[in-house]
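Below is one structure, written out as structure tokens; comments come after it.
Please read these numbers as outputs of a predicted model, since none were measured by experiment.
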Amino acid sequence: MTSQQMRERATAALRLIAEDVRQHMPYPHAGNRACIAVVANLFDGAQYPLNLNYLRSLDSAQTQACLDIIAYDVAGGFGTPEIQDWGVIDREELCGWFEKLERRTAPAPQFG
């Protein structure tokens with residue numbers, strides 16, 4: 001798979017996750033929260049550690065979307081900006097997502 005194909009696949013995956021999370025806000029279900037946890041971990045793994053048990057609540061489409069995003073990130077993202085700069089979700093919305101995670105993980109980051 002080329003870097004462009006990986007980027008397109010990861011962007012489509014993030015779009016799928018974003019649309020699903022938006023449909024269920026302000027009360028995301030377990031699968032949404034698991035997807036948010038994956039995105040948060042890629043954003044700042046030290047602040048938002050990923051408990052792999054969360055992934056058990058994903059349906060097959062969410063699982064594949066998360067794996068596509070992780071695969072792209074692991075491959076180095078090929079010089080792409082941070083996940084909040086992919087043109088799918090802005091920083092303000094992303095910050096709102098993080099607030100939906102269990103408080104045990106961390107408070108939402110402050111963007112300045």
Worksheet item: How long is the span from the OG atom in Ser57 to the CZ atom in Arg33, to the nearest 0.5 Å?
Response: 7.5 Å
Practice prompt. List the atom of Trp86, the atom of Ala10, and the distance in Å for their closest heavy-atom pair.
Written response: CZ3-O, 3.6 Å
Item to complete: Find the distance between NE2 (His24) and SG (Cys35) and round it off to the nearest 0.5 Å.
Response: 11.0 Å
Worksheet item: Quick one: are Thr11 and Glu8 in side-chain contact, heavy atoms under 4.5 Å?
Response: no
Item to complete: Provide the closest heavy-atom pair for Ile89 versus Glu93 in the form atom of the first, atom of the second, distance.
Response: CG1-OE1, 3.5 Å
Worksheet item: Does a side-chain heavy-atom distance below 4.5 Å link Trp97 with Ile17?
Response: yes
Which pairs of donor and acceptor atoms, one on a side chain in residues 62-71, lie under 3.5 Å apart (sequence neighbours left out)?
residue: Gln62; atom: OE1; partner: Asp59; partner atom: N; Å: 3.0
residue: Gln62; atom: NE2; partner: Asp20; partner atom: OD2; Å: 2.9
residue: Thr63; atom: OG1; partner: Asp59; partner atom: O; Å: 2.9
residue: Gln64; atom: NE2; partner: Asp68; partner atom: OD1; Å: 2.9
residue: Asp68; atom: OD1; partner: Arg9; partner atom: NE; Å: 3.1
residue: Asp68; atom: OD2; partner: Arg9; partner atom: NE; Å: 3.2

Item to complete: Answer yes or no: is there a side-chain heavy-atom contact under 4.5 Å between Glu82 and Asp85?
Response: yes
Fill in: Cluster link Tyr27 to Val21, ILVMFWY, side chain under 4.5 Å
no
Worksheet item: Out of curiosity, Leu94 CG to Asp90 CG, how far, rounded to the nearest 0.5 Å?
Response: 8.5 Å
Practice prompt. Please report the shortest heavy-atom distance between Arg15 and Val88, naming the atom on each side.
Written response: CA-CG1, 3.6 Å
Item to complete: Before giving the answer on side-chain contact (heavy atoms from CB on, under 4.5 Å), spell out for Val38 and Leu58 the whole-Å C-alpha distance, their side-chain angles and the decisive distance to 0.1 Å.
Response: CA-CA 11 Å; Val38 169; Leu58 297 174; 5.6 Å; no
Worksheet item: Could you give the distance from CD (Gln84) to CZ (Arg91), rounded to the nearest 0.5 Å?
Response: 4.5 Å
Fill in: Cluster check Leu52, Val39: I/L/V/M/F/W/Y, side chain < 4.5 angstrom
yes
Worksheet, complete the sentence: CD1 (Ile36) and CD (Glu99) are apart, to the nearest 0.5 Å, by 10.5 Å
Worksheet item: Would a distance-only check, ignoring hydrogens and angles, find a side-chain to backbone donor-acceptor pair under 3.5 Å from Gln5 to Thr2?
Response: yes
Worksheet, complete the sentence: Rounded to the nearest 0.5 angstrom, the CD1-CG distance for Ile83 and Leu42 is 5.5 Å
Worksheet item: Looking at Tyr48 versus Phe43, is the centre-to-centre ring distance below 6.0 Å?
Response: no
Practice prompt. List in chain and number order the residues that pass side chain to side chain donor-acceptor pair (under 3.5 Å) with Asn51, two or more places apart in sequence or in another chain; answer none if no residue qualifies.
Written response: Asn53
